[in-house]
Amino acid sequence: MPKPTLTAKDIVTWYSKNARDLPWRKTIDPYKIWLSEIILQQTTVAQGTSYYLKFISVYPTLTDLASAPIDDVLKNWQGLGYYSRARNLHFSANYIINECNGIFPNNYIDLLKLKGVGAYTAAAISSFSYKENKVVVDGNVIRVISRLYGINEAVDNPKVLKLIKEKAQQLCDTQSPEVFNQAIMEFGALQCKAKNPNCKSCPLQKSCIAYKKNIQDQIPFKAKRIKKTNRYFKYCFFIIDNSKTLIIKRSEKDIWQGLYEFPLLELEALEEEHGFVMPKNIKIRPSEVLTSKIFKHQLTHQTIRAVFYKTYISQADYNLMLKKGVFNNYLLINVENINKYALPRLIDLYLNDLSITLF
DNA sequence: AAGGCGGGGGT
DNA sequence: ACCCCAGCCTT
C-alpha cells in the first residue's frame, strides 16, 4: 500500500470527528447498501433517509423485494422521483435471485452488471461491503477533487471527469477504501459544500489550489445547462356513479413511467376558452364540471401546467362509453382506493388540495 | 456524446 | 430563477 498522503489522511481524520450518524453506515449487508445507494442517487440525505428506513422495513431481504409486485415497490417509492430507479431495483433483485442463485454480486465488475448500478454505485457497494479498492466519484467527490487540484475545466467533459477519477483513486489508494469513500463524500457534503464552502476551518486549506487562487466558488465548472420545456395537461377526474373513477398506468418512455394518473389530455397550451374537453372527443355532457386552479409543477427538464376537471358521470353514461370502447385501457376503481396506487406528486398534490370532499 | 429522468431545498 | 443532490440509461 502506498504511503498515506497527508491530504487523504486529513480527510479521514476530519471524518472521524465530523461524521453524521447515518443508518446505512451501520451495516455491511450488500443488499441494504445497494438499497441505500440507489435511493440516494441524485437525492439528498434529508430526502432519502425515510425511504431507506421504509424499504429495509418493508423489504428486509433481497427475496422480499424480488417477490414483491412492481406496483407495490413503486408505491413505496412514490414522491422520491426518478422512478426508473425503483423499476431497475426490482428488476435487478429478480436478476440476482434468478441468474445469480440469489448470491449478491461481490465485486465491482459483477455489480456493474446490475441494471441501475453504474460506476459510482458499484464502487460504493464493493468498497462498503467488500472493502474493494474502488473510489466513489459522485457530485461531492467531483467538487472536492476539482477544487483541491484547481481543475477549472468543465467537469461534464468526460476527459476532465476521467482526470478527476484518477486523482481521486490516487488518494483512495493510500487509505482503507471503505473509510476514505465515506470520508470524502461526507467532507464534500458538510465542509467543501457547493455554496459557501467552509474554507476558513478547512483542514485542506494549505493544499487547496482553488482556495489559494480564491476561485472556490467558480469550481466545479459545468459547461452544459439544462433547457426546460413547457407542457400542458388537462386531467379528467371522473366521479362515476358517485363512487368510482378511472385511472391509467403511464407506460410511455416519458415522465412517471409505471405510475397511475387520471385520463389525460395533453395540449400545446392551456387555453382557458377551451374549458373542459373530454379525451378523444367523447360526446357526453356531464351534469357538473368543477375546474381546478392551474397547478404549476416544476421538474428538472419540464414545467408542467395542469388543470383538473372533476366531473360527475352516471353509471348509464359510463356503460355507454365503455361499450364504444372509449375506456378500454383504463382502470375503474373506487375513489376511496386511489391512494393504493403509485401516483405522481402532481396528482397527489391535487387530491390533497381538494378542500371539498372527494365526492 | 448528448438528452432524459423527479422532487426538494438552498441561495 | 438557478443550482445542487451518494447517477444511470438510452439513443
Side-chain angles (χ1 to χ4, degrees), chain A residues 19-20 22-25 33-52 74 77-89 91-92 111-128 134-144 154-162 165 168 178 180-190 192-197 217-229 231 250 252-259 296-304 342-349:
Chain A
R20 288 170 292 183
L22 302 177
W24 44 88
R25 290 189 183 146
I33 300 289
W34 173 54
L35 267 182
S36 74
E37 294 303 338
I38 301 298
I39 286 172
L40 289 168
Q41 285 170 7
Q42 293 294 285
T43 303
T44 56
V45 166
Q47 191 186 5
T49 300
S50 67
Y51 284 85
Y52 171 75
L74 283 168
W77 200 272
Q78 176 179 313
L80 196 55
Y82 284 155
Y83 296 92
S84 64
R85 291 183 293 167
R87 298 194 306 271
N88 289 337
L89 192 70
F91 178 93
S92 292
L111 284 162
L112 264 186
K113 296 173 185 168
L114 301 179
K115 210 177 255 189
V117 172
Y120 162 77
T121 306
I125 301 171
S126 69
S127 64
F128 298 150
K134 282 280 181 183
V135 75
V136 292
V137 181
D138 71 336
N140 291 308
V141 176
I142 290 171
R143 186 168 57 253
V144 171
V155 297
D156 46 5
N157 176 335
K159 285 184 177 177
V160 177
L161 186 59
K162 184 166 178 285
K165 286 187 176 182
E178 76 281 11
F180 177 80
N181 279 344
Q182 290 285 0
I184 190 170
M185 285 195 287
E186 193 80 332
F187 184 77
L190 301 182
C192 195
K193 297 177 293 182
K195 305 283 181 185
N196 304 322
D217 54 350
Q218 300 164 41
I219 295 182
F221 166 73
K222 290 182 182 171
K224 299 170 194 162
R225 56 196 63 175
I226 46 177
K227 56 178 177 185
K228 287 171 190 162
T229 59
R231 296 178 76 174
R250 289 183 67 93
E252 303 303 312
K253 286 183 179 175
D254 194 0
I255 55 171
W256 302 328
Q257 189 183 351
L259 275 60
K296 186 178 172 185
H297 194 64
Q298 188 64 60
L299 305 181
T300 299
H301 298 272
Q302 305 182 12
T303 304
I304 298 170
L343 307 170
R345 189 82 178 105
L346 172 61
I347 305 285
D348 201 41
L349 284 172

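In the text below, chain A, chain B and the rest are named by the order of the sequence lines, each starting its count at 1.
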Per-pair distances, 0.1 Å, donor-acceptor, side chain in residues 137-144 of chain A, under 3.5 Å, sequence neighbours excluded:
residue  : atom : partner  : partner atom : Å
A:Asp138 : OD1  : A:Asn140 : N            : 3.2
A:Asp138 : OD1  : A:Val141 : N            : 2.9
A:Asp138 : OD2  : A:Asn140 : ND2          : 3.0
A:Asn140 : OD1  : A:Arg143 : NH2          : 2.9
A:Asn140 : OD1  : A:Ala189 : N            : 3.4
A:Arg143 : NE   : A:Cys192 : O            : 2.7
A:Arg143 : NH2  : A:Gly188 : O            : 2.8

Scan the side chains in residues 218-226 of chain A for donor-acceptor partners under 3.5 Å anywhere in the protein, sequence neighbours excluded, and list what turns up.
none

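In terms of position on DNA chain C, the residue among A:Gln182 and A:Leu114 whose nearest nucleotide sits closer to the 5' end is A:Gln182. Residue whose closest nucleotide on DNA chain B sits further toward the 5' end, between A:Pro158 and A:Gln257: A:Pro158. Between A:Gln42 and A:Lys224, the residue anchored closer to the 5' end of DNA chain B is A:Lys224, taking for each the nucleotide with the nearest heavy atom.
Rounding to the nearest 0.5 Å places CZ of A:Arg85 at 4.5 Å from CG of A:Leu80. Distance check: A:Leu40 CG to A:Leu35 CG gives 10.5 Å after rounding to the nearest 0.5 Å. The NZ atom of A:Lys296 sits 14.5 Å away from atom CG of A:Leu349, with the distance rounded to the nearest 0.5 Å.
Distance NZ (A:Lys253) to C1' (B:dG3): 13 Å, rounded to an integer number of Å. Atom NZ in A:Lys296 sits about 19 Å away from atom P in B:dG6, given to the nearest Å. Between the CD1 atom of A:Ile347 and the P atom of B:dG6 there is a distance of 14 Å, given to the nearest Å. If you measure from atom CG of A:Leu343 to atom C1' of B:dG6, you get 15 Å, rounded to the nearest angstrom. The nearest whole Å value for the distance from the CD1 atom in A:Ile304 to the C1' atom in B:dC5 is 11 Å. In this structure, the CH2 atom of A:Trp256 is 15 Å from the C1' atom of B:dG4, given to the nearest Å. Atom CG in A:Leu74 sits about 13 Å away from atom C1' in B:dG6, given to the nearest Å. Protein atom CD1 of A:Ile255 is 7 Å distant from nucleotide atom P of B:dC5, rounded to whole Å.
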Could you pull out the protein-nucleic contacts involving nucleotides 8-11 of chain B (nitrogen or oxygen on both sides, under 3.5 Å)?
residue : atom : partner  : partner atom : Å
B:dG8   : OP1  : A:Arg345 : NE           : 2.5
B:dG8   : OP1  : A:Arg345 : NH2          : 3.3
B:dG8   : OP2  : A:Arg345 : NE           : 3.4

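In 5' to 3' order, the nucleotides of DNA chain C bounding all contacts with chain A (an atom under 4.0 Å from a heavy atom) are C:dC4 to C:dT11.
Every residue meeting the ring-ring contact (aromatic ring centres under 6.0 Å, His included) condition with A:Tyr52, not counting sequence neighbours, appears here in chain and number order: A:Trp24. For A:Tyr83, the side chain to side chain contact (heavy atoms under 4.5 Å, CB included) partners two or more places apart in sequence, or in a different chain, are A:Leu74, A:Trp77, A:Arg87, A:Trp256, A:Leu259. Applying the side chain to side chain contact (heavy atoms under 4.5 Å, CB included) rule to A:Lys115 yields the partners A:Asn88, A:Phe91, A:Ser92; only residues at least two apart in sequence or on another chain are considered. Evaluation of the side chain to side chain donor-acceptor pair (under 3.5 Å) rule for A:Arg231 yields A:Asp254, A:Glu266, A:Gln302 as partners, not counting sequence neighbours. Taking the salt bridge (charged side-chain N to carboxylate O under 4.0 Å, His left out) definition, one finds that A:Lys228 meets it with nothing, sequence neighbours left out. Not a single ring-ring contact (aromatic ring centres under 6.0 Å, His included) links A:Phe128 to another residue, sequence neighbours left out.
Using a 4.0 Å heavy-atom criterion, one finds that A:Leu80 contacts the bases of the nucleic acid, with or without backbone contacts as well. When heavy atoms are screened at a 4.0 angstrom cut-off, A:Arg87 is found touching no nucleic acid atom at all. Using a 4.0 Å heavy-atom cutoff across all strands shown, A:Asp254 reaches sugar-phosphate atoms only and no base atom.
Atom name P, nucleotides C:dA6 and B:dG3: the rounded distance is 25 Å, in whole Å. Taking the C1' atom of each, C:dC8 and B:dG9 are spaced 23 Å apart, rounded to whole Å. When the P atom is used for both B:dG6 and C:dT11, the distance is 15 Å, rounded to whole Å.
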**OP:** Would you write the dot-bracket representation of DNA chain B, where each base gets (, ), [, ], | or . depending on whether it forms a Watson-Crick or G-U pair under 3.5 Å and with which partner?
**Re:** |||||.|||||
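Listed here is the closest heavy atom pair of A:Gly79 and A:Gln47: O-NE2, 3.8 Å. In terms of heavy atoms, A:Gln78 sits closest to A:Ala342 at OE1-CA, 3.5 Å.
OP1 or OP2 of B:dG7 has at least one side-chain nitrogen or oxygen of A:Tyr83 nearer than 4.0 Å. Dashed line: the shortest gap from a side-chain N or O of A:Gln302 to OP1 or OP2 of B:dC5 is under 4.0 Å.
With hydrogens and angles ignored, the 3.5 Å screen pairs no side-chain donor or acceptor of A:Arg25 with any backbone N or O of A:Ala19.
Applying the 6.0 Å contact sphere to CD of A:Glu252 captures no more than 12 heavy atoms from other residues, nucleotides or ligands.
For DNA chain B, none of the residues of residues 116-127 of chain A falls under the heavy-atom distance limit of 4.0 Å.
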